[in-house]
There are 2 protein chains.
Amino acid sequence: MAKVTRKAAGPPRIRDGGAVREVLDRIGDKWSLLVVGTLRGGPMRFGELEKAIAGISQRMLTLTLKHLVEDGLVTRTAYAEVPPRVEYEVTELGRSLVPLVMALAEWAMANHEQIDAHRRKGSA
Amino acid sequence: MAKVTRKAAGPPRIRDGGAVREVLDRIGDKWSLLVVGTLRGGPMRFGELEKAIAGISQRMLTLTLKHLVEDGLVTRTAYAEVPPRVEYEVTELGRSLVPLVMALAEWAMANHEQIDAHRRKGSA
DNA sequence: CTGTATCCTACCTGATACTG
DNA sequence: CAGTATCAGGTAGGATACAG
């Protein structure tokens, strides 16, 4: 229970500074959002994710999935088979994040050319 | 539920692998989204941003702003005064990203407790 | 197939000093 | 005030090798 100590006429700021930072430290890393977005269509195996994301290292996929499972955004189901099969799937909580990820992805796809153009000319 | 015939129609993946990665490498870093979100209310000075974000180092604020300006998400306006005054403001493009940032921030605030709970119990 | 362990590099961080 | 420069220390991420 944090007391809200807002300035009377202060500038409109993200009135948190904590929660957002905290969560952004979790899902704001290089891969988490991409993994969550990739899992939006249903359960996927480790190898499938690795191929789908393409660019992620095995190590980072492992770590990212571990964190997502810890945070309750993804479930891990290991089947006692040979060869081993492990499936990952977004939880209810994770699924609630999917629309935001997709919105971000769409924004990225819609604007990456414009961003690239800006970067290239550098000096207008 | 019927079996999902992923094989036939190809797996449901983010059909890009490039643009999203590219943009996420830009704005998906630790600070960019936070800066953009902080600027949503109007122009702010360097020092204001530094205080508002609280936790960012001067170095990273400088770098992040530089990148955002390069990407065309933020404008930098220096006033030839003494003492110097520099204001940063989101561009049209940057403003189009604000709603997504805020949605993410709201999601973070709404769910960070649940995430924290998951993390803490660790083993269900 | 699904990870884990190790090494190595690049980058972030915080502090400090200095410039315009 | 608004940066730039630099250094020491930590951490994130990639590559590879190896294990269950």
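FYI, side chains are in, hydrogens and waters are out, and symmetry mates aren't considered; it's all heavy atoms of this structure. Since the structure is predicted, the reported quantities are computational estimates derived from the model, not experimental observations.
Distance A/Leu61 CG to D/dA15 P: 14 Å, rounded to the nearest Å. B/Leu65 has its CG atom 17 Å from the P atom of D/dC1, to the nearest Å. Rounded to an integer number of Å, the gap from A/Arg85 CZ to C/dT2 P is 9 Å. A/His67 has its NE2 atom 11 Å from the C1' atom of D/dA12, to the nearest Å. Rounded to whole Å, the distance from CZ on B/Arg59 to C1' on D/dT4 is 11 Å. Taking atom CD on A/Glu87 and atom C1' on C/dT2, their separation rounds to 13 Å, with Å as the unit. Nucleotide C/dC1 holds its P atom 14 Å from the CG atom of A/Leu49, rounded to whole Å. The interatomic distance linking A/Met60 (CE) with C/dA10 (C1') rounds to 14 Å, in whole Å.
For B/Trp31 and A/Glu50, each mapped to the nucleotide of DNA chain C holding its nearest heavy atom, the one lying further toward the 5' end belongs to A/Glu50. Place A/Ile56 and A/Pro84 on DNA chain D by their nearest nucleotides, and A/Ile56 ends up nearer the 5' end.
OP1 or OP2 of C/dT4 sits under 4.0 Å from a side-chain N or O of A/Lys66.
Side-chain to base pairing of A/Gln58 with D/dG14: no donor and acceptor N or O lie closer than 3.5 Å to each other.
Of the candidate nucleotides C/dG3, D/dA2, D/dT4, D/dT4 has the atom lying nearest to any side-chain atom of B/Thr62. For B/Pro83, whose side chain is taken as the heavy atoms from C-beta onward, the closest listed nucleotide among D/dG14, D/dC1, C/dT13 is D/dC1. Comparing D/dG14, D/dC1, D/dG3 against the side chain of B/Val86 picks out D/dG3 as the nearest. The side chain of A/Ser57 lies closest to D/dG14 when the candidates are C/dT2, D/dA2, D/dG14.
Interatomic distance, CE of B/Met44 versus CG of B/Leu65, reported as 10.5 Å (0.5 Å rounding). Remark: B/Leu39 CG to B/Glu87 CD distance equals 10.5 Å, nearest 0.5 Å. Taking CE of B/Met102 as the reference point, atom CG of A/Leu100 lies at 12.5 Å (rounded to 0.5 Å). In this structure, CG on B/Leu97 lies 9.5 Å from OG on B/Ser32, to the nearest 0.5 angstrom.
Among all heavy-atom pairs drawn from A/Val90 and A/Arg95, the shortest one is O-NH1, 3.7 Å.
Among the atoms of the strands shown, only primed sugar atoms or phosphate atoms (P, OP1, OP2) are found under 4.0 Å from some heavy atom of A/Tyr88.
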